[in-house]
Amino acid sequence: MRWWDLGPVLELELELFPDDAWSAGMFWSELAEAHPGGSRHYTVAETPAGELAGYAGLMAGRFEGDVQTIAVAEGHQGAGLGAALLTDLITEATHRGCEEVLLEVRADNPRAQRLYERFGFETIGIRPGYYQPADVDALVMRLELPAPDLKDPRHG
Ligand SMILES: CC(C)(COP(=O)(O)OP(=O)(O)OC[C@H]1O[C@@H](n2cnc3c(N)ncnc32)[C@H](O)[C@@H]1OP(=O)(O)O)[C@@H](O)C(=O)NCCC(=O)NCCS
């Protein structure tokens, strides 16, 4: 994801997260950290015609990765794009040497939960009323990552 993607990203964000959409400023500050060596990794999925179909972002610390956001346009859902975006984030976290990936998901979003469970995420906690003003709980889910391959040149 680059700054020139932000117009369509914000449109899709509003469509998919009408209650708690991120602002342009939030995406800008995330992208400001998405340079080589920065703490963020953001990616987009596009149609062959170059239209935005989805996006996802990771915050990577020394030991822990966090899925910041993941979204697929309604007309493109169910075709494996969500899985492809999540694979990209997990691969990035693994290459960076993270030991685990964490995320929060609305308790009333079974579809997203199923996607995460398919990847091996397990629910490790609940944050009551995390999503306001709707007062919906968040499930905290965690995926343990395998140790990085030390032969990979990215690990020096
Ligand atoms: C959650 C979300 C990202 C999943 O994206 P997606 O592209 O639909 O995900 P996938 O296609 O990889 O998997 C979803 C379903 O499609 C099915 N599927 C995957 N590939 C498929 C294919 N080639 N053909 C048909 N179905 C397929 C999967 O089995 C899965 O089935 P399920 O509904 O029983 O779980 C998407 O629904 C979304 O953006 N929702 C709104 C925003 C949101 O809730 N984001 C998550 C916030 S935590």
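For ligands, and for the atoms within them, numbers begin at 1 and follow the listed sequence.
Scored by the salt bridge (Lys or Arg N to Asp or Glu O under 4.0 Å) test, E122 finds no partners at all (sequence neighbours excluded).
When heavy-atom distances to ligand 1 are checked against 4.0 Å, the residues falling inside are F17, I70, A71, V72, Q77, G78, A79, G80, L81, G82, A83, E104, V105, N109, R111, A112, R114, L115, Y116, R118, ordered by chain and number.
Within 6.0 Å of CD on Q132 lie more than 12 heavy atoms contributed by other residues, nucleotides or ligands.
Counting all heavy atoms, side chain and backbone alike, C98 lies closest to G61 at SG-O, 3.7 Å. Annotation for M141 and V105: closest pair SD-CG1, 3.8 Å, computed over non-hydrogen atoms.
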Requested in this report: Determine, stepwise, if the pair Q113 / R106 fulfils side-chain hydrogen bond (donor to acceptor under 3.5 Å, both in side chains).
Outcome: CA-CA 8 Å; Q113 288 167 35; R106 286 174 68 115; over 6 Å; no

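For the residue pair Y131 and E104, no side-chain donor N or O sits within less than 3.5 Å of a side-chain acceptor on the partner.
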